[in-house]
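Scroll down for the structure; my scribbles are underneath it.
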Amino acid sequence: MNTSAWKSYAVGAAVVTALLGTTACGPDAAEDSATAAPSDRASATGSAKPGATATDSPEPSATSSDPGGSGGTGDTATVAACTTEHLAVSAQKEPADSKEARHLLITVQNTGDKKCDLYGYPRVRLGADARTTVPVIKDSDPDPGRPVTLAPGDEAHAALLVSGGARDEYEAKSISLTLQGRKPGTTAGTAVDVPMPVRTLYADDGQLVTYWTTASGAALDFIMSK
C-alpha cells in the first residue's frame, strides 16, 4: 500500500469511530435531559405557596362593626342594651304636690361609663300579686323601631298611669321594673324594685305606661288627661 492510500484509510477509520461514539452517547444525553427537566421545574415553582396567586381573592376578615359582636370601636360599633345594673331608677308623682298618686314619672339615669340603648318601654308590675305587666300606650313611641341611646349621665323617662278609673281597684305597695332587650320578647338585666313615691298606690285595670323618651313632658302628655 502506498502512502496516499494509507492516509485515505486512516481518515475513513477516524470518521467511523467518531460516528460510533456519537451514536453511543445519544440515548444517555436524552435520558439526562428528561431526568433534569422535572428537577428544574420543581426548583422554579418550589417557592410558591398553594393558592397564593395574584388573582386569588383575599380571605374575609372580622371587623369591629360586626352586628353580632359585643362591642368594637368607631361610630359603627354596636351599643349594648341598657341593664338595670347600670341604671339609677326613680319614680315621682306628677304633679309633685298632688294628693293622689295616679300619675307617675319613671326616670332612669345611665350610671355606667359607656353608652347604652333602651328598648321599647318598661315592663312594670304594680304590686307583688300583679298577674300581668302594665299595658303600653302604643302611639306613645317617639321614634318607632329605634332605641333611646343614653350616654353616661343621660336620663330617659316613661309615664305611668296607676289608675284609669276602671274596675278592680287594689292596693299596690311595690313597683317592679324590667327592661326590654334588643330582640323582641327578651329582657336586659334583672327586675328591680322602683322606690315608692308614696307608701301605697291604688291601682286598677286602667293602668297604662308609655314608651321610653328623653322628653319627660312628652311622656306625661299621654297620661295627664286620663
Side-chain angles (χ1 to χ4, degrees), residues 81-144 147-181 186-226:
C82 295
T83 64
T84 50
E85 287 78 6
H86 297 100
L87 293 179
V89 185
S90 63
Q92 66 182 46
K93 295 187 300 179
E94 291 292 339
D97 59 354
S98 174
K99 293 181 179 180
E100 296 181 316
R102 293 182 59 245
H103 306 96
L104 303 182
L105 182 67
I106 298 175
T107 300
V108 294
Q109 183 182 43
N110 183 359
T111 58
D113 57 3
K114 296 180 180 179
K115 293 190 296 184
C116 67
D117 283 343
L118 276 175
Y119 289 89
Y121 56 92
R123 290 178 176 167
V124 177
R125 291 180 184 271
L126 295 176
D129 298 327
R131 291 171 292 180
T132 185
T133 57
V134 178
V136 68
I137 301 174
K138 294 183 178 180
D139 59 354
S140 65
D141 193 346
D143 194 358
V148 174
T149 301
L150 296 181
D154 284 356
E155 295 181 342
H157 313 276
L160 174 62
L161 180 65
V162 176
S163 60
R167 301 176 301 172
D168 299 328
E169 185 178 86
Y170 66 96
E171 293 184 359
K173 296 184 180 295
S174 66
I175 304 173
S176 174
L177 181 147
T178 303
L179 299 176
Q180 296 192 53
T186 63
T187 59
T190 57
V192 295
D193 288 331
V194 181
M196 293 283 287
V198 294
R199 294 188 63 177
T200 303
L201 295 172
Y202 295 93
D204 62 25
D205 57 5
Q207 55 195 249
L208 294 168
V209 71
T210 68
Y211 282 85
W212 292 114
T213 178
T214 55
S216 59
L220 289 169
D221 285 344
F222 285 96
I223 67 167
M224 294 306 293
S225 61
K226 298 183 182 298

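Predicted, not measured: the structure shown is a model, and the values here were computed from it.
Evaluated for a side-chain contact (heavy atoms from CB on, under 4.5 Å) with V124, the options L208, I175, V162 yield exactly one hit, I175. Remark: of the listed residues I223, I106, L201, I106 is the sole one forming a side-chain contact (heavy atoms from CB on, under 4.5 Å) with L160.
Screening residues 189-226 for disulfide (SG to SG under 2.5 Å), with sequence neighbours left out, gives no hits. Residues in residues 81-142 take part in these disulfide (SG to SG under 2.5 Å) pairs, two or more places apart or across chains: C82-C116. Listed by first and then second residue, the ring pair (Phe, Tyr, Trp, His ring centres under 6.0 Å) pairs involving residues 105-138 are Y121-Y211 (not counting sequence neighbours).
Counting only distance, with no hydrogens or angles, the side chain of R125 and the backbone of A130 share a donor-acceptor pair below 3.5 Å. Put simply, the side chain of T111 gets close to the backbone of H86: a donor and an acceptor are under 3.5 Å apart. Checking side-chain atoms of N110 against main-chain N and O of D154 turns up no donor-acceptor pair under 3.5 Å. A distance-only check finds a donor-acceptor pair linking the side chain of T210 to the backbone of A159 [under 3.5 Å]. Remark: side-chain polar atoms of E94 are not paired, donor with acceptor, to backbone N or O of L104 under 3.5 angstrom. A donor-acceptor contact shorter than 3.5 Å links the side chain of D204 to the backbone of G164.
Residues Q92 and T107 form no side-chain contact, since every pair of their non-hydrogen atoms from C-beta on lies 4.5 Å or further apart. Residues T214 and H157 fail the side-chain proximity criterion, which asks for heavy atoms closer than 4.5 Å. Side-chain contact check for P144 versus K138: every heavy-atom pair is 4.5 Å or farther apart.
Residues K226 and R102 come closest through the heavy atom pair O-NH2, 3.4 Å. Considering every non-hydrogen atom in both A91 and P195, the closest pair reads CB-O, 4.0 Å. Of all the heavy atoms in Q180 and A188, the pair that sits closest is O-CB, 3.8 Å. Closest approach of K115 and P152 over heavy atoms only: N-CD, 4.1 Å. Considering all non-hydrogen atoms of both residues, S90 and V194 come closest at C-CG1, 3.9 Å.
For A156, the side chain to side chain contact (heavy atoms under 4.5 Å, CB included) partners at least two apart in sequence or on another chain are V108, L118, V148, L150, W212. For D143, the salt bridge (Lys or Arg N to Asp or Glu O under 4.0 Å) criterion is met by R146, not counting sequence neighbours. For S98, the side-chain hydrogen bond (donor to acceptor under 3.5 Å, both in side chains) criterion is met by no residue, not counting sequence neighbours.
Judged by distance alone, the side chains of T149 and D117 do bring a donor and an acceptor atom under 3.5 Å apart.
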